[in-house]
Chemist: 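Here you go, one structure.
No hydrogens, no waters, no symmetry mates; every other heavy atom, side chains included, goes into these values. This structure is a prediction, so every number in the text was calculated from the model and none was measured. The chain is numbered in sequence order, starting from 1.
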Amino acid sequence: QVQLVESGGGLVQTGGSLRLSCAASGPANNRGVMAWFRQAPGKEREFVAAINWGGATTTYADSVEGRFTISRDNTRSTVYLQMNSLSPEDTAVYYCAARPGYNLYTSNSSYNSWGQGTQVTVSS
């Protein structure tokens with residue numbers, strides 16, 4: 001069973017940066033693909049970014065492309081989300097997710113392991 005623990009959230013001003021971390025444990029073959037999702041108040045959870053095991057393949061939501069970067073360090077069993085040029089629209093609880101396999105998916109239902117989330121608040 002995969003366990004995921006997010007950290008790194010907080011309060012930042014518009015234009016600022018944050019780096020989120022997701023520490024993973026459990027069978028490596030159950031976390032071949034790692035992803036970040038987010039959920040703003042009153043909205044549905046939405047896809048942010050995903051990365052394959054080797055880190056060579058990534059995909060991003062249009063809303064964060066060019067500002068966010070997903071990466072992973074398998075020696076530390078950790079996935080990161082570097083967030084730059086933050087705006088109030090990025091305010092949300094950010095969740096780490098994992099699934100087995102190699103293909104990247106953007107739907108919530110494709111991931112079977114989830115963390116508890118970390119709050120990111122961007123002030124204007």
Side-chain angles (χ1 to χ4, degrees):
Q1 185 173 356
V2 173
Q3 293 186 327
L4 304 171
V5 179
E6 303 95 335
S7 61
L11 175 64
V12 64
Q13 291 185 334
T14 295
S17 298
L18 279 175
R19 188 177 81 155
L20 306 182
S21 299
C22 172
S25 60
N29 60 355
N30 286 345
R31 42 189 171 91
V33 177
M34 301 289 292
W36 287 95
F37 287 76
R38 67 185 181 185
Q39 187 167 19
K43 295 186 177 181
E44 294 185 353
R45 190 173 300 187
E46 65 175 3
F47 171 78
V48 175
I51 188 169
N52 70 339
W53 175 262
T57 303
T58 58
T59 189
Y60 296 90
D62 289 344
S63 59
V64 306
E65 181 83 53
R67 299 188 299 123
F68 291 11
T69 302
I70 188 171
S71 61
R72 66 191 295 169
D73 183 346
N74 292 330
T75 66
R76 291 182 167 83
S77 298
T78 301
V79 176
Y80 304 97
L81 185 68
Q82 177 66 44
M83 305 185 296
N84 298 329
S85 301
L86 286 162
S87 71
E89 290 70 34
D90 296 314
T91 294
V93 177
Y94 283 71
Y95 297 91
C96 180
R99 60 160 288 127
Y102 306 95
N103 295 324
L104 305 186
Y105 294 87
T106 61
S107 63
N108 294 338
S109 59
S110 297
Y111 293 82
N112 51 16
S113 298
W114 292 86
Q116 294 300 306
T118 185
Q119 176 71 47
V120 171
T121 303
V122 184
S123 63
S124 56

Chemist: Between S21 and T78, what is the shortest heavy-atom contact and its length?
Modeler: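 Taking S21 first and T78 second, the nearest heavy atoms are CB-CG2, 4.2 Å.
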Chemist: Give me the atom names and distance for the closest heavy-atom approach of V2 to S113.
Modeler: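 Nearest heavy atoms, V2 then S113: CB-OG, 3.5 Å.
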Chemist: Can you confirm whether E46 is buried at CD, in the sense that more than 12 heavy atoms of other residues, nucleotides or ligands lie under 6.0 Å from that atom?
Modeler: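 Yes, because the 6.0 Å sphere around CD of E46 holds more than 12 heavy atoms from other groups.
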Chemist: Honestly curious: do Y60 and V122 fall in one hydrophobic cluster under the side-chain, below-4.5 Å linking rule?
Modeler: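 The answer is yes; both residues are in one hydrophobic cluster.
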Chemist: Is there a donor-acceptor pair closer than 3.5 Å between any side-chain N or O of R31 and the backbone N or O of A98?
Modeler: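 No, because the side chain of R31 does not come within donor-acceptor range (under 3.5 Å) of the backbone of A98.
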Chemist: Check for a donor-acceptor pair, side chain of Y95 on one end and backbone N or O of E6 on the other, with a separation under 3.5 Å.
Modeler: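 No.
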Chemist: State whether Y80 and R19 meet the cation-pi test: NZ (Lys) or CZ (Arg) under 6.0 Å from the six-membered ring centroid, and within 45° of the perpendicular axis.
Modeler: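 Yes, a cation-pi geometry.
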Chemist: Out of the candidates D90, T118, T91, only one should pair with R38 under the side chain to side chain donor-acceptor pair (under 3.5 Å) rule; please name it.
Modeler: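 That would be D90; it is the only one of D90, T118, T91 passing the side chain to side chain donor-acceptor pair (under 3.5 Å) with R38.
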Chemist: Measure the shortest side-chain to side-chain distance between W36 and C96 over non-hydrogen atoms and say whether it is less than 4.5 angstrom.
Modeler: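 With C-beta onward as the side chain, the pair touches.
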Chemist: Look up atom CG in L86 and atom CZ in R67, then write down how far apart they are to the nearest 0.5 Å.
Modeler: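 Between atom CG of L86 and atom CZ of R67 there are 6.5 Å.
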Chemist: Could you state the interatomic distance from CD (E65) to OG1 (T58), rounded to the nearest 0.5 Å?
Modeler: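 One finds 7.5 Å between CD of E65 and OG1 of T58.
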Chemist: Would one find more than 12 heavy atoms of other residues, nucleotides or ligands at under 6.0 Å from atom CD of Q3?
Modeler: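 Result for CD/Q3: open.
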Chemist: About how many Å separate CG of L18 and CG of L11, when rounded to the nearest 0.5 Å?
Modeler: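 The CG atom of L11 sits 9.0 Å away from the CG atom of L18.
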Chemist: Do L4 and V120 sit in the same hydrophobic cluster, where Ile, Leu, Val, Met, Phe, Trp and Tyr count as joined when their side-chain heavy atoms come under 4.5 Å apart?
Modeler: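 Result: yes, single cluster for both.
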Chemist: Could you state the interatomic distance from OG1 (T59) to CG (N52), rounded to the nearest 0.5 Å?
Modeler: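 Separation between the atoms: 11.0 Å.
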Chemist: Give the intermediate values and the outcome of side-chain contact (heavy atoms from CB on, under 4.5 Å) for residues N74 and W53.
Modeler: CA-CA 8 Å; N74 292 330; W53 175 262; 3.3 Å; yes
Chemist: Within the structure provided, determine whether S124 and T14 are in side-chain contact (heavy-atom separation under 4.5 Å).
Modeler: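 In contact.
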Chemist: Checking side-chain contact (heavy atoms from CB on, under 4.5 Å) for the pair M83/V64: CA distance, chi angles, key distance, verdict?
Modeler: CA-CA 8 Å; M83 305 185 296; V64 306; over 6 Å; no
Chemist: Among the clusters formed by ILVMFWY side chains lying less than 4.5 Å apart, do Y105 and L81 turn up in the same one?
Modeler: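 No; tracing contacts between hydrophobic side chains, which count when under 4.5 Å, never links both residues.
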Chemist: If you round to the nearest 0.5 Å, how far is CE of M34 from OG of S77?
Modeler: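 If we round to the nearest 0.5 Å, S77:OG and M34:CE are 9.0 Å apart.
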Chemist: Counting distance only, does the side-chain N/O of Y111 pair as donor-acceptor with the main-chain N or O of V33 below 3.5 Å?
Modeler: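 A pair under 3.5 Å: no.
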Chemist: Kindly give the heavy-atom pair with the smallest separation between N84 and Q82, and that separation in Å.
Modeler: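 Smallest interatomic distance, heavy atoms only, reads OD1-NE2, 2.9 Å.
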Chemist: Is there a chain of hydrophobic side chains (I, L, V, M, F, W, Y, each step under 4.5 Å between heavy atoms) that links L20 to F37?
Modeler: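 In one cluster: no.
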Chemist: Of R45, E44, Q39, which is the lone residue that meets side-chain contact (heavy atoms from CB on, under 4.5 Å) with N108?
Modeler: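 Between N108 and the candidates, side-chain contact (heavy atoms from CB on, under 4.5 Å) is satisfied uniquely by R45.
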Chemist: Please answer whether the main-chain N or O of S123 pairs with a side-chain N or O of Q13 as donor and acceptor at a distance below 3.5 Å.
Modeler: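 No: the side chain of Q13 does not pair with the backbone of S123.
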Chemist: Can you name the nearest heavy-atom pair linking A92 to A40, along with the distance?
Modeler: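 Smallest heavy-atom distance, with atoms named: CB-N, 3.8 Å.
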Chemist: With hydrophobic residues grouped by side-chain heavy-atom distances under 4.5 Å, do L104 and V48 end up in a single group?
Modeler: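 Hydrophobic grouping puts L104 apart from V48.
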Chemist: Classify the ring geometry of Y94 against F68: parallel below 30°, tilted from 30° to 60°, perpendicular beyond 60°.
Modeler: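 Ring orientation, 0 to 90° scale: tilted.
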